[in-house]
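Being a predicted model, the structure only gives us computed values, none of them experimental.
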Amino acid sequence: MVELNEGLFIVKTKGVLGGAARIKGSRVRVSDIAVDYDYHGLSPGEIAEQYPTISASDVHAALSYYRKNPGKIREEIKERENAFKER
């Protein structure tokens with residue numbers, strides 16, 4: 001598997017979660033963090049509490065990646081929504 005590092009905390013691994021950007025060492029996608037933050041209005045601390053495998057620093061790294069790549073992350077969110085609707 002090829003792992004692309006997008007900084008110290010964010011990675012993309014072919015074959016893991018469809019290659020979506022995720023927090024290193026976890027299966028938490030940056031798009032999951034973005035949804036919790038933008039759509040559910042959770043604070044970074046509240047988000048970290050929701051996922052026991054990540055830290056507040058991980059959440060901040062994911063939000064930073066999201067801010068730098070909003071189109072890419074929103075597209076991932078839209079693709080998951082469409083896949084869910086098709087079920």
Side-chain angles (χ1 to χ4, degrees):
M1 281 185 227
V2 176
E3 185 164 273
L4 302 173
N5 289 312
E6 301 286 339
L8 296 175
F9 298 98
I10 307 302
V11 295
K12 294 180 182 180
T13 307
K14 188 175 181 178
V16 177
L17 298 173
R22 64 184 172 83
I23 296 172
K24 188 174 184 175
S26 79
R27 295 182 61 83
V28 179
R29 295 173 286 229
V30 171
S31 58
D32 297 330
I33 302 299
V35 166
D36 286 343
Y37 187 77
D38 277 350
Y39 296 89
H40 299 153
L42 298 179
S43 71
E46 291 170 324
I47 294 169
E49 289 175 10
Q50 297 283 333
Y51 299 96
T53 60
I54 65 172
S55 68
S57 295
D58 294 327
V59 173
H60 285 286
L63 290 172
S64 176
Y65 181 87
Y66 172 47
R67 287 183 193 106
K68 291 176 186 171
N69 302 280
K72 191 182 304 185
I73 299 304
R74 288 186 186 126
E75 184 61 32
E76 285 180 18
I77 294 166
K78 185 177 278 188
E79 287 173 5
R80 284 204 333 262
E81 287 174 346
N82 290 337
F84 183 75
K85 288 177 186 177
E86 292 175 3
R87 289 184 180 185

If you look at every heavy atom in [X] and [Y], which pair is closest and at what distance?
X	Y	answer
R22	T13	NH2-OG1, 2.8 Å
I73	S31	CG2-CA, 3.7 Å
A21	K12	CA-CG, 3.7 Å

Sequence neighbours excluded, which residues qualify as side-chain hydrogen bond (donor to acceptor under 3.5 Å, both in side chains) partners of [X]?
X	answer
E46	S43
S55	D58
R27	none

Would N69 and E76 satisfy side chain to side chain contact (heavy atoms under 4.5 Å, CB included), going step by step from the backbone distance to the final call?
CA-CA 11 Å; N69 302 280; E76 285 180 18; over 6 Å; no
Nearest 0.5 Å, please: how far is CZ in R80 from CG in L17?
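Between L17 CG and R80 CZ, I get 9.0 Å after rounding to 0.5 Å.
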Taking only residues two or more places apart in sequence, or in another chain, which ones meet Q50 in a side chain to side chain contact (heavy atoms under 4.5 Å, CB included)?
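Partners of Q50 under the side chain to side chain contact (heavy atoms under 4.5 Å, CB included) test: L42.
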With sequence neighbours excluded, residues passing side chain to side chain contact (heavy atoms under 4.5 Å, CB included) with A62
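In terms of side chain to side chain contact (heavy atoms under 4.5 Å, CB included), with neighbours along the sequence ignored, A62 is linked to I10, I23, V30, I33.
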Looking at residues at least two apart in the chain, or sitting in another chain, which of them share a salt bridge (Lys or Arg N to Asp or Glu O under 4.0 Å) with R74?
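Partners of R74 by the salt bridge (Lys or Arg N to Asp or Glu O under 4.0 Å) criterion come out as none, since no residue qualifies.
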Quick one: does Y51's side chain get under 4.5 Å of V59's, heavy atoms only?
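Of all side-chain heavy-atom pairs linking V59 with Y51, none is under 4.5 Å.
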